[in-house]
Amino acid sequence: MMTAMAGSSRTLYQASVDGWLPKYLSHVNESGAPTYAMWTDLGFNLILLLMSDYFAVLAISNVGYIIFNFLIFRQDGFIDSINLI
């Protein structure tokens with residue numbers, strides 16, 4: 001659970017830095033931790049936990065992580081440079 005939250009808050013932070021999400025998520029504290037992204041992620045995870053169970057939180061955070069990684073690779077041209085056929 002902690003790993004999913006740490007990974008998804010960093011993903012929120014990076015998406016904010018890249019301009020895909022609101023700028024307030026890119027705030028970091030003096031240690032470099034994305035505090036506003038962590039609080040947003042915590043609130044979202046608590047809502048999911050109240051609605052279902054911890055498996056849903058892990059599944060949704062992983063899906064979001066995969067989607068943002070795909071978008072980052074797509075933006076950098078990495079996926080377009082792969083010859084799949």
Side-chain angles (χ1 to χ4, degrees):
M1 195 67 182
M2 293 284 291
T3 305
M5 189 170 165
S8 58
S9 63
R10 289 284 178 181
T11 304
L12 288 174
Y13 165 76
Q14 189 61 48
S16 174
V17 170
D18 291 341
W20 294 333
L21 292 175
K23 275 298 192 197
Y24 83 94
L25 292 172
S26 62
H27 177 268
V28 294
N29 65 7
E30 62 274 355
S31 301
T35 51
Y36 293 166
M38 288 169 50
W39 284 111
T40 303
D41 187 47
L42 176 66
F44 185 70
N45 287 341
L46 287 175
I47 291 169
L48 287 175
L49 283 172
L50 291 173
M51 291 174 28
S52 59
D53 59 356
Y54 72 94
F55 182 74
V57 174
L58 293 174
I60 291 172
S61 67
N62 284 328
V63 168
Y65 184 73
I66 289 168
I67 289 170
F68 276 114
N69 277 324
F70 175 78
L71 291 173
I72 289 169
F73 286 148
R74 179 88 178 172
Q75 179 184 8
D76 293 342
F78 179 75
I79 290 180
D80 296 332
S81 66
I82 297 174
N83 188 3
L84 298 175
I85 299 176

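Just the heavy atoms: all of them, side chains too, but no hydrogens, waters or symmetry mates, feed the values below. Numbering starts at 1 and runs along the sequence shown.
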>> Let me check something: do Leu12 and Tyr36 share a hydrophobic cluster, defined by ILVMFWY side-chain heavy atoms less than 4.5 Å apart, either directly or through other members?
In response: yes
>> Would the distance check show the side chain of Asp18 and the main-chain N or O of Trp20 forming a donor-acceptor pair, the cut-off being under 3.5 Å?
In response: no
> Do Val63 and Leu21 sit in the same hydrophobic cluster, where Ile, Leu, Val, Met, Phe, Trp and Tyr count as joined when their side-chain heavy atoms come under 4.5 Å apart?
Replying inline: yes
> What's in the same ILVMFWY side-chain cluster as Tyr13, cut-off under 4.5 Å, chained through other members?
Replying inline: Val17, Val28
> Testing Thr11, Thr40, Leu25 for side chain to side chain contact (heavy atoms under 4.5 Å, CB included) with Ser16, which one passes?
Replying inline: Leu25
>> Looking at every non-hydrogen atom in both residues, tell me the closest pair between Ala33 and Arg10 and how far apart they are.
In response: CA-NH2, 4.1 Å
> Using a side-chain heavy atom cutoff under 4.5 Å and only I, L, V, M, F, W and Y, what cluster partners does Met51 have?
Replying inline: Ile47
> Do you know which two heavy atoms are closest between Ala37 and Ser9, and how far apart they sit?
Replying inline: CB-O, 3.4 Å
